[in-house]
Novice: 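Sharing a structure, written as structure tokens. Questions coming.
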Amino acid sequence: MQNYLEELNDVQRAAVTTTEGPVLVVAGPGSGKTRVLTFRISYLIEQGVLPWQILSLTFTNKSAREMKERISKVVGGKANQVWAGTFHSTFAKILRVEAEKIGYPSNFTIYDTDDTKSLLKAVIKDMNLSPDIYNVNAIYSRISSAKSNLITPKAYPQMEELMIADRANKRPYIHEIYKKYTIRCKKAGAMDFDDLLFQLYYLLHLNPDDVLDKYRKKFKYILVDEFQDTNYLQYAILKKLTLYDNSKQNLCVVGDDAQSIYAFRGATVDNILDLSKDYKTLQTFKLEQNYRSTSHIVQAANATIGYNKKQIKKKIWSDKGSGHKIKVIKAMSDTEEGKRIADAIVEQKNRNHYSNSDIAILYRTNAQSRVFEEYLRRYNITYQVFGGTSFYQRKEVKDLLAYLRLTINQKDEEALKRIINYPKRAIGKATVEKISALAANTDQTMWDCLTKVEVPTRARGQLNGFKLMMETFIQKAATVDAYELATFVARQTGLITKLKADTTIEGLGRLENITSLLDGIKEFVENDEVIEGAIQTDKTIGTYIQNIALHTNMDEEEAGNYVTLMSSHAAKGLEFKSVFVVGLEESLFPSFMSMNSQAGIEEERRLFYVSITRAEEMLTLSFAASRYRHGKTNYNEPSRFLAEIPLDHLESNFTMGAQTSKIAPRARVSGSLKKKRTEAVLNIDPADFKPSPASEIEEGMKVLHMKFGEGKVVHIDGDRDKKVATINFSQIDDPERRLMLKFAKLQIMP
DNA sequence: TGACTGTGGGTTTTT
DNA sequence: CCCACAGTCA
């Protein structure tokens with residue numbers, strides 16, 4: 001019985017079987033923390049705890065999914081009934097049920113970062129504030145951090161510290177923007193990412209219909225992975241659920257302060273330190289044996305992280321032998337770095353018999369992936385890039401989703417603004433602004449105003465048509481499944497036709513994206529998901545949209561034999577036989593954004609620590625003397641983190657600090673080779689030029705144009721005032737032009 | 001109204 | 001370098 005317990009070391013086993021009361025597991029890299037978590041859940045179930053009384057929170061959908069898979073290997077199908085998900089997705093699920101208690105519709109829309117920024121821009125514009133001073137990104141991060149610290153729009157102006165900082169930055173009205181933004185979100189029936197936490201907290205806090213008690217009873221055991229990455233608000237929610245009179249305080253958190261890499265978005269290690277103050281009977285287990293990496297790697301990591309002042313003491317060790325020393329590659333330029341890494345990969349594949357999937361390239365910024373992609377492609381090595389823009393952020397995908405979103409929630413202004421004139425249906429900026437203004441002044445939504453706004457007859461007709469079309473979608477949504485509706489919408493709106501008309505490579509890609517989106521929806525309709533012991537039969541578009549709102553492209557992983565390219569952040573929790581950490585230069589890693597504070601540098605160092613501890617057998621670090629960035633060549637010193645690794649862990653032929661090379665790197669030439677499309681310089685005297693009336697121009701005529709010179713009318717299409725002439729101008733580079741006759745000034749030549 | 005061009009600005013990590 | 005936006009022109 002329970003033979004899996006025998007696979008664990010003493011500390012791990014204790015962490016698994018100590019089920020009652022508050023538990024903190026401090027888990028170094030590779031120390032088997034995921035095993036502890038999954039076995040703990042399995043153990044709970046075996047002890048008779050009902051699966052749906054267990055809440056397991058993670059940061060990514062991927063780790064939630066993996067967790068479920070691993071539990072099901074031990075306990076079988078019951079695993080699906082555990083509440084295992086990300087903070088955001090789990091709380092969204094609860095809010096769907098309870099939203100109306102706090103004034104939101106249960107079909108609320110989730111605004112992603114783009115939607116949020118777009119709405120913020122609109123608010124800033126409405127308030128007549130300068131978009132330069134009130135930079136959207138800055139405002140967003142300000143509001144996000146307010147929410148993450150449980151500061152309401154009402155409380156914000158009373159926070160002396162915040163207001164002083166805002167005034168110092170010449171942005172005294174942030175609290176007003178925050179307030180208006182909140183109102184607009186609510187009016188749109190929408191929550192942003194932070195709201196999923198923030199509103200859940202207030203739901204529990206305000207406690208309508210004793211909803212707090214309901215969830216306290218429901219979740220008898222709560223587990224949290226990557227606890228070091230939780231923010232104040234997340235911890236506050238956990239406390240709400242587990243810290244009260246007569247609570248059993250069955251909260252188990254697993255984390256590693258050394259791997260805290262999300263402070264920039266409000267995560268705080270203080271949560272780990274506060275734990276023992278809040279939970280008096282806290283039991284702590286330290287997992288210090290690293291089963292992942294060989295000794296040189298572990299010791300290098302220990303030495304590096306030792307430079308950080310703030311940390312929980314622990315000694316990570318490995319008994320896997322010393323293994324390979326760490327290799328450092330010094331390249332002249334970013335291009336050379338790409339080539340040398342690709343060469344090294346080829347070599348490792350041959351010498352160590354690694355397959356592609358054993359290898360990962362980790363970088364600080366997603367933009368760095370390009371060079372590596374180029375060389376890997378050239379060498380015919382299969383790779384997969386993670387991060388960057390997600391599938392669901394692609395324009396065409398968002399367009400179709402916006403139609404579907406509006407079908408579900410007509411209050412969703414961001415969706416409406418996105419598609420009201422896409423594909424083009426002659427509803428221009430002026431019209432949209434009128435609608436928006438009316439909505440703002442009358443407390444109605446933009447949807448309500450579509451038919452009420454006063455506009456010229458032509459626009460009126462277009463608006464009616466648009467609304468009518470949307471209404472057919474809304475009606476259909478009630479009767480058909482998600483796939484049927486989505487296909488109908490894609491055709492009916494003209495999106496498909498529009499994309500098919502574009503035959504460029506990018507155009508084909510876009511059409512393909514729409515097809516895979518539709519395929520995805522089909523899959524959703526056809527595959528059954530079990531929730532709390534029951535098969536989910538709701539296959540409506542509403543359920544679909546809710547399910548995908550929180551997907552990221554990290555979730556799109558497919559099995560295959562490829563080299564992994566991803567940011568260091570994204571690599572958290574993963575492991576590879578061979579890891580390349582590239583771009584180790586000052587201002588890049590550590591990032592220049594973090595270089596002016598000790599805390600910033602320490603976070604970068606933790607990120608470096610996370611990066612190098614992904615490696616099992618081989619670790620290669622690289623930097624380039626020059627790097628092409630933002631159109632300029634930069635010269636940076638090697639990263640300080642390289643110098644922090646004791647020399648005895650590095651391959652012998654390398655010493656830091658000695659800048660041997662005096663040769664200047666080759667300059668880029670691409671700029672000068674760029675072909676510029678220039679118009680021919682024609683000497684036509686405006687005085688001699690007498691344009692002929694558009695109605696007289698016919699196919700076959702010779703005409704003269706002020707800028708393009710002489711040309712022959714090849715073809716005329718369109719009718720009445722929309723005639724377009726295709727004209728071949730012999731005197732310019734790119735001779736065939738299409739001009740609208742109504743505007744084109746052409747003189748008929750004999 | 002819409003397509004296209006030029007410029008000017010920013011520039012990290014992600015649920 | 002890449003993107004978003006304003007301005008221009010048809």
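Chain A is the first sequence line, chain B the second, and so forth, proteins listed ahead of strands; every chain is numbered from 1.
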Novice: Base, sugar-phosphate, or nothing for A:N137, non-hydrogen atoms under 4.0 angstrom?
Specialist: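 Counting heavy atoms under 4.0 Å across all strands, the contact made by A:N137 is with sugar-phosphate only.
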Novice: Rounded to whole angstroms, how far apart are CG on A:D192 and P on B:dT14?
Specialist: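 Roughly 19 Å, once rounded to whole Å.
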Novice: Compare side-chain N and O positions of A:S567 against OP1 and OP2 of B:dT14 and report whether any pair is under 4.0 Å apart.
Specialist: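 For B:dT14, OP1/OP2 do have a side-chain N/O of A:S567 under 4.0 Å.
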Novice: With side-chain contact (heavy atoms from CB on, under 4.5 Å) as the test, pick out the partner of A:R364 among A:S639, A:S568, A:S591.
Specialist: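 The passing option is A:S591.
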Novice: Can you list the residues that meet the side chain to side chain donor-acceptor pair (under 3.5 Å) rule with A:K498, with sequence neighbours excluded?
Specialist: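 In terms of side chain to side chain donor-acceptor pair (under 3.5 Å), with neighbours along the sequence ignored, A:K498 is linked to no residue.
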Novice: Evaluate the ring planes of A:Y104 and A:F108, with Trp represented by its six-membered ring, and classify them as parallel (under 30°), tilted (30 to 60°) or perpendicular (over 60°).
Specialist: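 The rings of A:Y104 and A:F108 stand perpendicular, inter-plane angle above 60°.
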Novice: Under 4.0 Å from OP1 or OP2 of B:dT14: is there any side-chain N or O of A:K572 that close?
Specialist: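 No, outside the criterion.
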Novice: With DNA chain B as reference, determine whether A:R425 or A:H88 sits nearer its 5' end, using the nearest nucleotide of each.
Specialist: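 Whichever sits nearer the 5' end wins; that is A:R425.
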Novice: Distance check needed: B:dT1 P versus A:I420 CD1, whole Å only.
Specialist: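 After rounding, the gap between these two atoms is 13 Å.
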Novice: So which nucleotide from B:dT14, B:dT15, B:dA3 ends up closest to the side chain of A:Y262?
Specialist: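 Per side-chain heavy atoms of A:Y262, the pick is B:dT14.
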Novice: Run the side-chain hydrogen bond (donor to acceptor under 3.5 Å, both in side chains) test on A:T109 and A:D412 for me, step by step, so that the C-alpha distance in whole Å, both residues' side-chain angles and the decisive distance to 0.1 Å come before the verdict.
Specialist: CA-CA 7 Å; A:T109 301; A:D412 184 343; 3.3 Å; yes
Novice: Side chain of A:E604 only, please: which of C:dC1, B:dT12, B:dA3 is the nearest?
Specialist: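 Selected nucleotide (nearest to the side chain): B:dT12.
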Novice: With respect to the phosphate group of B:dT13, does any side-chain polar atom (N or O) of A:N366 fall under 4.0 Å of OP1 or OP2?
Specialist: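 Answer is yes, contact under 4.0 Å.
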Novice: Rounded to whole angstroms, how far apart are CG on A:L362 and P on B:dT14?
Specialist: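 These atoms are roughly 12 Å apart.
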Novice: Heavy-atom contacts under 4.0 Å between residues 585-594 of chain A and DNA chain B, which residues?
Specialist: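 Within this stretch, A:S591, A:M593 sit under 4.0 Å of the strand.
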Novice: Can you tell me the distance, in whole Å, between the CG atom of A:N135 and the P atom of B:dG9?
Specialist: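 Rounded to the whole Å, the gap is 12 Å.
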Novice: Atom pairs, N/O to N/O, protein against nucleotides 3-5 of chain C, distance under 3.5 Å?
Specialist:
from	atom 1	to	atom 2	distance (Å)
C:dC5	OP1	A:K121	NZ	3.0

Novice: Counting heavy atoms from C-beta on, name the nucleotide in B:dT14, C:dC2, B:dG2 closest to the side chain of A:R370.
Specialist: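 The nucleotide sitting nearest to the side chain is C:dC2.
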Novice: Describe the nucleic acid contact of A:F59 in one word from base, sugar-phosphate, nothing, applying a heavy-atom distance below 4.0 Å.
Specialist: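 Counting heavy atoms under 4.0 Å across all strands, the contact made by A:F59 is with sugar-phosphate only.
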Novice: When the distance from NZ of A:K498 to C1' of B:dA3 is rounded to whole Å, what number comes out?
Specialist: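 Atom NZ in A:K498 sits about 10 Å away from atom C1' in B:dA3.
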Novice: Check the pair A:N634, A:R629 against side-chain hydrogen bond (donor to acceptor under 3.5 Å, both in side chains), reporting the backbone distance first and the verdict last.
Specialist: CA-CA 7 Å; A:N634 294 289; A:R629 233 182 140 196; over 6 Å; no
Novice: Nearest to the side chain of A:H569 - B:dT14, C:dC1, B:dT15?
Specialist: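 Taking heavy atoms from C-beta onward, the closest nucleotide is B:dT14.
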Novice: How would you label the contact of A:T113 with the nucleic acid (heavy atoms, under 4.0 Å): base, sugar-phosphate, or nothing?
Specialist: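 Contact class for A:T113: base.
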Novice: My understanding is that only residues two or more places apart in sequence, or in another chain, count here; which of them pass ring pair (Phe, Tyr, Trp, His ring centres under 6.0 Å) with A:F87?
Specialist: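 Result, ring pair (Phe, Tyr, Trp, His ring centres under 6.0 Å) vs A:F87: A:F59, A:F91.
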Novice: When you match A:Y140 and A:R629 each to their closest nucleotide on DNA chain B, which lands nearer the 5' end?
Specialist: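 First, find each residue's nearest nucleotide; the 5'-ward one identifies A:R629.
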Novice: What residues, two or more places apart in sequence or in another chain, satisfy salt bridge (Lys or Arg N to Asp or Glu O under 4.0 Å) together with A:E602?
Specialist: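 So A:E602 forms no salt bridge (Lys or Arg N to Asp or Glu O under 4.0 Å) with any residue.
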Novice: Do the side chain of A:R364 and the base of B:dT13 come within less than 3.5 angstrom through a donor-acceptor pair of N or O atoms?
Specialist: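 Check passes, donor-acceptor contact within cut-off.
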Novice: Within this structure, what is the CD-to-P distance between A:Q234 and B:dT14, rounded to whole angstrom?
Specialist: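 Roughly 16 Å, once rounded to whole Å.
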Novice: Does A:Y422 have A:K395 sitting over its ring (NZ/CZ under 6.0 Å from centre, angle to axis within 45°)?
Specialist: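 Judged by the rule, A:K395 and A:Y422 form a cation-pi pair.
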Novice: Tell me the interatomic distance from A:R627, atom CZ, to C:dC1, atom P, rounded to whole angstroms.
Specialist: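 It works out to 15 Å between those atoms.
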Novice: Identify, with sequence neighbours excluded, every residue that meets salt bridge (Lys or Arg N to Asp or Glu O under 4.0 Å) alongside A:E396.
Specialist: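 None.
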Novice: Take the protein atom OH of A:Y628 and the nucleotide atom P of C:dC2, then report the distance between them rounded to whole Å.
Specialist: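 From A:Y628 OH to C:dC2 P: 9 Å.
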Novice: May I ask you to decide if the ring planes of A:F372 and A:Y363 are parallel, tilted or perpendicular, using 30° and 60° as cut-offs?
Specialist: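 Ring orientation of A:F372 relative to A:Y363: parallel.
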Novice: Looking at A:R265, A:K572, A:Q259, which one forms a side chain to side chain donor-acceptor pair (under 3.5 Å) with A:D229?
Specialist: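 Only one option passes, and that is A:K572.
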Novice: Ignoring the backbone of A:N421, work out which of B:dT14, B:dG2, B:dT15 is nearest its side chain.
Specialist: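 Side chain of A:N421 sits closest to B:dG2.
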Novice: Would A:F264 pass as stacked on B:dT13, i.e. its ring centre under 5.5 Å from the base's six-membered ring centre and planes under 30° apart?
Specialist: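 It does: the two rings, one from A:F264 and one from B:dT13, meet the stacking criterion.
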